[in-house]
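Here is the structure we will look at, set down as structure tokens.
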Amino acid sequence: MAYWLMKSEPDAFSIDDLERVGIEPWDGIRNYQVRNMIRDEMKPGDRAFFYHSNTKVPGIVGIMDIVSEARPDPTAFDPDAKYYDPKSDPDKPRWLLVDVKYVRHTQRVIPLPELKADPALEEMPLVRRGNRLSIMPVTEDQWEHILSLEDPD
DNA sequence: GCCAACGTTGGC
DNA sequence: GCCAACGTTGGC
């Protein structure tokens, strides 16, 4: 079982939205490195942090389960979709998604500056300069460490 | 295959 | 809203 961190802008899709719907196709991935990771390494049963990006307080806000294999992202075929890609052919899909399932909110938002300041997390791509991956792997040690930050005492 | 221009991400 | 970083596009 592997661990991940997945970013979403809460204005587009938030942890509260995920709680409401339960299971959601994580669509809109348009980066080859991320696509290859979900295709080759992500498996049902893996667990992920939900991260709010591009918002007033960016940070980790919840936990979810990966509940599907990677499968074609139908929004790539939809001319009206925000992430429509005319080069993605339904017979040979270029973009993939996985389904994610709500587990719970974290006990508090764990803000990015706190993650950045933590020596135990300095290897995380999230806190490294210039990183732009919307999905990234988290080691088991990092996962456990972040969980230990939930309770500020 | 090079690389300038352009678009996107995302913190601040 | 600004802008650094970086991926993609397309002319050559």
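Numbered from 1 within each chain, the chains take letters A, B, ... in sequence-line order.
Put simply, CG on A:L133 is 13 Å from P on B:dG11, counting in whole angstrom units. Atom CG of A:D11 is separated from atom P of B:dT9 by 14 Å (rounded to the nearest Å). In this structure, A:M136 places its CE atom 14 Å from P of B:dT9, rounding to the nearest Å. Rounded to an integer number of Å, the gap from A:Y51 OH to B:dG10 P is 8 Å. With rounding to whole Å, A:L5 atom CG is found 11 Å from B:dG10 atom P. Note: CG (A:N31) to P (C:dA5) measures 19 Å, nearest angstrom. Going from atom CG of A:L126 over to atom P of B:dT9 covers 16 Å, rounded to whole Å. Whole-Å rounding puts the A:I135 CD1 to B:dG10 P distance at 11 Å.
Checking A:R20 against A:Y102 by side-chain atom types alone, no donor-acceptor pair falls below 3.5 Å. Between A:R128 and A:N131, the side chains place no donor N or O within less than 3.5 Å of an acceptor N or O (distance only, hydrogens not considered). A side-chain donor-acceptor contact under 3.5 Å links A:D73 and A:T75.
Taking every side-chain heavy atom of A:N54 into account, B:dG10 is the closest of C:dT8, C:dC6, B:dG10. Picking from B:dG10, C:dT8, B:dG11 the nucleotide with the shortest atom distance to the side chain of A:K7 gives B:dG10.
Among the protein residues, A:R129 comes within range of the sugar-phosphate backbone only, with heavy atoms under 4.0 Å from sugar or phosphate atoms but none that close to a base.
Remark: the A:R132 side chain and the B:dT8 base include a donor-acceptor N/O pair separated by less than 3.5 Å.
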Inset, instruction - Please report the C-alpha distance between A:E140 and A:M1 in whole Å, then the side-chain angles of each, then the deciding distance to 0.1 Å, and finally whether the side-chain contact (heavy atoms from CB on, under 4.5 Å) criterion is met. - result: CA-CA 9 Å; A:E140 184 167 6; A:M1 160 169 166; over 6 Å; no

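Here A:K56 does not reach the OP1 or OP2 of B:dG10: none of its side-chain N or O atoms lies under 4.0 Å away.
At distances below 3.5 Å, at least one donor-acceptor pair connects side-chain atoms of A:E150 with backbone N or O atoms of A:Q107.
If you find the closest nucleotide of DNA chain C to A:G130 and to A:R94, the one lying nearer the 5' end belongs to A:G130.
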